[in-house]
Amino acid sequence: MTTTRRTALFALAALPTVLPGISWAEDWPAAKPITYVVPFTPGGSTDIIGRTLAQKLGEALHQSVVVDNKPGQGGGIGATYVAKAAPDGYTLFGGTISTHAINASLYKNLSYDPVKDFEPVCLVATLPNVLIINPALGVNTVPELIALLKKDPSKRLFASSGAGTSTHLAGEMFADMIGVPLTHVPYKGTPPALTDVASGQVPFMFDQMTAALPLAKAGRLKLIAVTTGKRIALAPELPTMIESGVAGFEMTSWQAVYAPKGTPKAVVQRLNAEIVKALKVPEVQAKLEGQLGMNIVGSTPEELAAHMAREIPRWAALVKKSGAEPG
């Protein structure tokens, strides 16, 4: 057999394994609707971003993008579901600082690996957390809240959107820095936690500006500080935690999009391009930045991977120092 003929036969033998992949890539995303998993309850910042992007992706890809809320375990239930999903471009995940940074050190037996089980798609935005209190507490500043917590043990409770979330860690950091033991009350998402703080069931919590503003404007909640290093444009009247006397207290949440590990690079790149494009739409910017106080990023997949590489060890150190527990 000549070399030319042997080469041709090998090439033909390889075609059945190559062509289906090419055909599949060309078909995506026509085969079926895309599922965008949000690992928290409806109404929170992750859900708002998910529904905003789902609409824009649906328009760009000419395919339905359906949001599926799977709350629990600081986003771990939804993350585990997506980690085990087929890497075919039809399942996306609304990841957060919790699911892809904090949980890695908070849970000893995490049922997914935030690095090994996911393809980074895009870092969507960073978000300021705020210190939120029930107005009936009768305090207006962080020093006044600290004084109340030191005086009255019955007020030493704080809510969060779930164990392992940045809002949980913010409360643990606060307790550590002010030297007052606080009891953590976890919820399955931000909305039920905010509702209980507004009703007085729990005195205070940290959460993202996104969800807190409507209840604050209605007078049912009071915002007394931001956790970022600088004041934010959406609420310039709010002092930072550092300005309020809690030295070194700085924290910024973030939101990102992921796909299951092994999702074809071409699909990841297309998704990234469409998400970045959506984040530049004026109505999207007006909603996320103007109304909700987010800082839009729109990164590349590689930039999101690098961001995680910095965040995971940072939060591991904070978890260890604070002594935070999952429950």
Can you name the nearest heavy-atom pair linking [X] to [Y], along with the distance?
X: N69; Y: P42; answer: ND2-N, 3.6 Å
X: A125; Y: M294; answer: CB-CB, 4.2 Å
X: N134; Y: G200; answer: ND2-N, 3.2 Å
X: G78; Y: P39; answer: CA-CB, 4.2 Å
X: L137; Y: P203; answer: CD1-O, 3.5 Å
X: K155; Y: F204; answer: O-CE2, 4.3 Å

If you define the side chain from C-beta out and look only at heavy atoms, does anything of [X] sit under 4.5 Å from [Y]?
X: F40; Y: K70; value: no
X: L304; Y: V121; value: no
X: I312; Y: S105; value: no
X: H168; Y: P186; value: no
X: T141; Y: I224; value: no
X: I133; Y: L145; value: yes
X: L131; Y: V142; value: yes
X: S64; Y: I34; value: no

Verify the cluster assignment for [X] and [Y]: are they in a single hydrophobic cluster under the rule of side-chain heavy atoms below 4.5 Å apart?
X: L92; Y: V267; answer: yes
X: I77; Y: Y107; answer: no
X: L271; Y: V284; answer: yes
X: L61; Y: V276; answer: no
X: I97; Y: Y258; answer: yes

So, [X] side chain and [Y] main chain: donor-acceptor pair closer than 3.5 Å or not?
X: D68; Y: V37; value: no
X: T99; Y: G95; value: no
X: E119; Y: G262; value: yes
X: E289; Y: A286; value: no
X: R156; Y: L149; value: yes
X: D196; Y: Q201; value: no
X: T91; Y: A85; value: no
X: T41; Y: K188; value: yes
X: T240; Y: G229; value: no
X: N272; Y: V268; value: no

Worked verdict on F174 versus V246 for side chain to side chain contact (heavy atoms under 4.5 Å, CB included): CA-CA 8 Å; F174 186 51; V246 187; 4.3 Å; yes
Using 0.5 Å steps for rounding, measure from the [atom1] atom of [X] to the [atom2] atom of [Y].
X: L288; Y: S45; atom1: CG; atom2: OG; value: 10.0 Å
X: S161; Y: Q208; atom1: OG; atom2: CD; value: 7.0 Å
X: L279; Y: E274; atom1: CG; atom2: CD; value: 11.5 Å
X: L127; Y: M251; atom1: CG; atom2: CE; value: 13.0 Å
X: K280; Y: K56; atom1: NZ; atom2: NZ; value: 15.0 Å
X: T263; Y: Y90; atom1: OG1; atom2: OH; value: 11.5 Å

Residues R51, Y36; criterion side chain to side chain contact (heavy atoms under 4.5 Å, CB included); working and verdict: CA-CA 9 Å; R51 292 179 190 280; Y36 187 116; over 6 Å; no
For Y81, what residues pass the ring pair (Phe, Tyr, Trp, His ring centres under 6.0 Å) criterion, not counting sequence neighbours? none
By ring pair (Phe, Tyr, Trp, His ring centres under 6.0 Å) - contacts of W315 (at least two apart): none
Taking only residues at least two apart or on different chains, which pairs with a member in residues 213-255 satisfy ring pair (Phe, Tyr, Trp, His ring centres under 6.0 Å)? F206-F249, W254-H307
Pairs flagged by ring pair (Phe, Tyr, Trp, His ring centres under 6.0 Å) wherever residues 213-244 is involved - sequence neighbours left out: none
May I ask you to decide whether [X] forms a salt bridge with [Y], counting only side-chain N to carboxylate O separations under 4.0 Å?
X: E243; Y: R231; value: yes
X: K32; Y: D27; value: no
X: K287; Y: E283; value: no

Taking atom types as modelled, is there a side-chain donor on [X] or [Y] under 3.5 Å from an acceptor on the other?
X: N129; Y: D207; result: no
X: T46; Y: Q255; result: yes
X: N140; Y: K222; result: yes

How would you list, by chain and number, every residue that makes a side-chain hydrogen bond (donor to acceptor under 3.5 Å, both in side chains) with T228, sequence neighbours excluded? none
Is the F118 ring parallel, tilted or perpendicular to the H100 ring (thresholds 30°, 60°)? perpendicular
Verify side chain to side chain contact (heavy atoms under 4.5 Å, CB included) between I102 and T165, making sure each step is shown before the conclusion. CA-CA 7 Å; I102 297 173; T165 60; over 6 Å; no
Does I132 sit in a hydrophobic cluster with other residues, and if so which ones, taking ILVMFWY side chains as linked at heavy-atom separations under 4.5 Å, directly or through other members?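 Reading the cluster by chain and number, I132 sits alongside V130, L157, V185, Y187, L194, V197, V202, M205, M209, L213, L215, L221, L223, V226, I232, L234, L238.
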